[in-house]
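Okay, so here's the structure we're looking at.
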Amino acid sequence: MSESKIERLISEDGIRCDGRRLDEIRPIKFQLGVLKNTDGSAYVEWGRTKILVGVMGPRESHPKHLALSDKARVEAYYRMASFSVEEWKSPAPSRREVELSKVIREALEPAIFVEFFPRTSIDIFIEVLQADGSTRCASISAASLALVDAGIPMRDLVASIAVGKVEGKLVLDVQDKEDKAGESDMPMAYMPSKNAVTLLQMDGQITHDEFLQSIELLKKGCIEVYKKQKEAIESHFKGAVSNEEEA
Amino acid sequence: MSQRIVPTVKRRQIIELSESGRRMDGRTLTDYREVTIQTGLVEKAEGSALVSIGGTKVIAGIKFEVGDPFPDIPNEGVMQVGAEFVPFASPEFEPGKPDEVAVELARVVDRGLRESKVLDTTKLCLIPGKKVWIVHVDVYILDHCGNLIDAAALAALSAMLTASMPEACIEGDTVKLTGKRLPMPLTDIPINITLAKIGNKLFVDPSFEEEEVLDCRLSVAFKQNGMLCAMQKGESGYLTPEEVLRAVEIAKDKSQEIRKKVVESLKLNCDKVGEY
């Protein structure tokens with residue numbers, strides 16, 4: 001307990017405990033089409049955070065009375081595997097998972113042309129295999145790619161990242177250690193080409209100036225994630241084209 | 001289909017009115033509805049408050065219980081916020097366990113209180129590592145006329161600000177209550193302000209009919225010193241970053257107005273609340 005308090009998370013010259021600069025994101029690796037039984041899927045390794053997302057749909061709503069007459073019903077299910085954190089976590093959804101499922105759905109729905117698929121359901125299943133901070137951001141970013149893989153028409157990709165305040169400094173892309181010891185955490189989801197913020201949360205204490213800086217830092221971070229998402233899409237479909245040519 | 005026609009027509013009407021800065025109920029876009037706070041209604045609770053914002057009614061009650069601390073913070077008390085949506089509050093509510101809307105509301109209220117450090121939980125330890133006070137903060141939605149988050153946050157806060165905690169004495173490993181009361185270890189007066197985005201306008205304190213047609217909402221909680229302590233965007237629309245900045249500016253102004261109202265109606269002694 002006291003040990004962790006002595007340990008500094010940011011060095012004198014502004015290097016974080018995992019060697020990153022203050023505004024540097026972790027290595028992110030996206031992969032599309034990783035599951036056989038879904039309509040679309042994606043896997044992300046975001047530092048040590050590892051998440052699988054599967055999309056089913058658009059498909060018939062079940063139960064039927066929940067279907068919407070003018071658009072598709074989007075549902076997100078954010079779940080953490082029991083072994084994904086330090087201590088065993090009950091597989092039953094916690095209040096946190098219920099809330100995150102709601103905000104993740106609300107972050108993705110503005111990107112989907114839901115009006116193209118009335119009376120159907122689009123279900124987004126998210127399994128966090130290992131959690132090391134920013135799981136909601138990684139989930140949203142990977143889910144966007146799973147939706148693309150499912151061929152669902154979208155207005156833009158949703159890219160997401162978090163800014164935290166650690167030892168009085170704003171840092172981009174907080175990992176678990178920084179989140180737990182930090183003074184604040186502020187995740188945002190953003191559609192760069194639409195200039196649209198689709199998720200915004202914050203806890204902790206920040207001044208108005210820090211808030212303004214955070215928004216700028218978040219935009220920059222989201223655009224970096226966005227680039228990585230696009231690269232993943234390109235490499236996935238490039239592979240698909242060359243496979244067809246070979247066949 | 002018919003359910004969606006009325007809100008579509010209404011939405012157009014609300015947007016047209018907002019072009020001239022007005023709203024269906026006669027308010028301007030930044031007007032808050034009338035707020036009333038009645039405390040101490042439930043004598044058996046350690047603290048209670050019935051809050052209304054316009055027609056919206058929420059009651060909050062505080063109960064203390066001796067319990068086990070969390071292993072990672074063995075010397076701190078625990079605060080737990082719960083929300084119950086009573087079925088008579090709206091035809092939309094159904095009996096049963098809290099759904100995602102209730103869970104989100106409770107967690108947003110919880111974050112606003114917790115992150116502002118309104119309650120100094122380090123002063124709620126009874127036997128270090130073994131027994132601490134568990135403070136249950138439960139809000140019941142009684143009448144839903146819009147902006148439940150602000151109403152619930154205000155009720156929870158008012159109940160907490162006017163609560164007293166039981167005095168306990170420790171004999172060996174047992175906790176005994178003396179029957180006396182102690183003041184609550186309070187350090188702040190956090191205020192949560194919610195705005196709705198409809199079309200390209202921001203509406204402070206959305207009413208039920210505005211909520212029915214909104215694009216999304218943004219709730220921001222402020223400490224007394226003006227720092228932000230919690231934020232939540234809700235519903236399936238989006239805001240531009242510029243709209244986010246504007247919403248936070250407006251919310252900051254409004255939070256001062258509502259805090260003044262709280263201090264006045266609770267006749268708060270400024271010395272009692274930390275740095276106030």
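Residue numbering restarts at 1 for every chain, and letters A, B, ... go by the order of the sequence lines.
- Between the side chain of B:E115 and the backbone N or O of A:Q205 there is no donor-acceptor pair closer than 3.5 Å.
- Proximity to chain A (any heavy atom under 4.5 Å) is shown, for B:E243, by neither the backbone nor the side chain.
- Both the backbone and the side chain of A:I206 come within less than 4.5 Å of a heavy atom of chain B.
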Residue pair B:M231, A:Q201: steps toward the side-chain contact (heavy atoms from CB on, under 4.5 Å) verdict: CA-CA 5 Å; B:M231 210 161 16; A:Q201 294 182 290; 5.8 Å; no
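- Residue contact with chain A, scored on non-hydrogen atoms closer than 4.5 Å, involves the backbone of B:S116 exclusively.
- Atom CZ in B:R114 sits 10.0 Å away from atom CG in A:D203 (nearest 0.5 Å).
- Distance check: A:Y190 OH to B:L239 CG gives 12.0 Å after rounding to the nearest 0.5 Å.
- Heavy atoms of A:K165 lying under 4.5 Å from chain B belong exclusively to its side chain.
- With a 4.5 angstrom heavy-atom cutoff, A:M188 does not touch chain B via any of its atoms.
- Considering all non-hydrogen atoms of both residues, B:S236 and A:E109 come closest at OG-OE1, 3.1 Å.
- How far CE of A:M202 is from CZ of B:R111: 10.0 Å, rounded to the nearest 0.5 Å.
- Below 4.5 Å, heavy atoms of chain B meet heavy atoms from A:R95, A:R96, A:V98, A:E99, A:K102, all part of residues 85-102 of chain A.
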